[in-house]
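Below: the structure, in C-alpha cells.
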Amino acid sequence: MFGLLILLVVVDIGVRVKIYHLVVEKPLQTRFENHTKEQTEWQELRESYFYCASTEKKNWTESRKDCMSRGGDLVILNNKEKQGMIERMKIHGDSWIGLQSSDEWTAKWKWVDGTDLAYGSWRDGVNVKTEPESKAFTDQQGLWMLDKTGLKYWICEKKNVQHLGDLKPEKNISKT
Ligand SMILES: *[C@@H]1O[C@H](CO)[C@@H](O)[C@H](O)[C@H]1NC(C)=O
Ligand SMILES: *[C@@H]1O[C@H](CO)[C@@H](O)[C@H](O)[C@H]1NC(C)=O
Ligand SMILES: *[C@@H]1O[C@H](CO)[C@@H](O)[C@H](O)[C@H]1NC(C)=O
C-alpha cells in the first residue's frame with residue numbers, strides 16, 4: 001500500500017515536470033521575440049493562459065491594441081483563479097484590464113470577449129454601476145477601479161493553443 005503511494009507520488013511529480021516544461025518553454029521562446037524595448041515576459045496559469053504585464057503606460061484603447069498585436073487581448077478576470085494569478089503577478093502599477101462599459105444607452109460592464117460581468121474584485125466604495133466610456137483597471141493589490149481615460153500599465157492574456165499531445169518545439173518563431 002505504501003509502495004503504491006510512493007509510486008503515485010513519483011508519477012505525479014513526473015507529470016508535473018512535464019507540464020512545467022510544456023508551459024514554460026513556450027513563454028521563454030516568446031520572450032526572444034523581437035521585443036527588445038519592453039522586455040516582456042509571459043507568465044502562465046495552469047496550462048491554459050499566459051499573462052504579460054506591460055512596462056510602459058498607454059490609454060485603454062492603445063493597451064488593447066498592444067495585446068492584440070501579440071495574439072492576445074486585455075486580461076479577462078472572470079474567476080477567482082485568474083484573479084489570484086494577477087494578484088501574484090508583478091505588475092508595475094495601476095493596469096488596465098479587459099473590462100469596459102457597453103455603448104448601449106443603458107451601459108453595462110462587458111469583458112472584451114463580449115461576456116457580462118459576473119465575478120468582480122472591486123475596491124470598496126467603487127460604484128460599479130457604469131456610465132458609457134468607462135474602463136476598468138486593477139491596482140497592485142488586485143482591487144479594481146474605473147476610469148474613463150488616462151495612461152496606465154496594462155495586462156495582456158493569451159490562450160495557450162499548444163495542446164499537450166503536440167510537443168513539437170517551435171524552432172521558427174516568426175510572427176506570421
Ligand atoms: C528587431 O529589433 C531590431 C533592433 O532592435 C530593430 O531594428 C528591428 O526593427 C526589429 N524588428 C522587428 C520586426 O520588430
Ligand atoms: C489613445 O492614445 C492614442 C495614441 O496616443 C490616441 O490617438 C487616442 O486618441 C487615445 N484615445 C483616447 C480614448 O484617449
Ligand atoms: C521560418 O518560416 C518562414 C515562413 O514560414 C520561412 O520563410 C523561413 O525560411 C523559416 N526559417 C527557418 C529558419 O526555418
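Each ligand, and each atom within it, is numbered from 1 in the order the structure gives. Each residue takes its place number in the sequence, starting with 1.
When the side chain to side chain contact (heavy atoms under 4.5 Å, CB included) test is applied to V126, the partners found at least two apart in sequence or on another chain are W122, R123, V128, M145, L146.
Side-chain atoms of E62 and W96 form no donor-acceptor pair, as typed in the model, at a separation below 3.5 Å.
Within a 6.0 Å radius of NZ in K57, no more than 12 heavy atoms belonging to other residues, nucleotides or ligands are found.
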What does the contact table look like for ligand 2 (nitrogen or oxygen on each side, cut-off under 3.5 Å)?
from	atom 1	to	atom 2	distance (Å)
ligand 2	2 (O)	N59	ND2	2.3
ligand 2	11 (N)	N59	ND2	2.9
ligand 2	14 (O)	N59	ND2	3.3

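Rounding to the nearest 0.5 Å places CG of N59 at 15.0 Å from NZ of K148.
With hydrophobic clusters built from ILVMFWY side chains whose heavy atoms lie under 4.5 angstrom apart, I86 shares a cluster with Y119.
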Practice problem: Given side-chain contact (heavy atoms from CB on, under 4.5 Å), test W111 with N78 step by step and report yes or no. | Solution: CA-CA 9 Å; W111 291 108; N78 54 4; 4.1 Å; yes
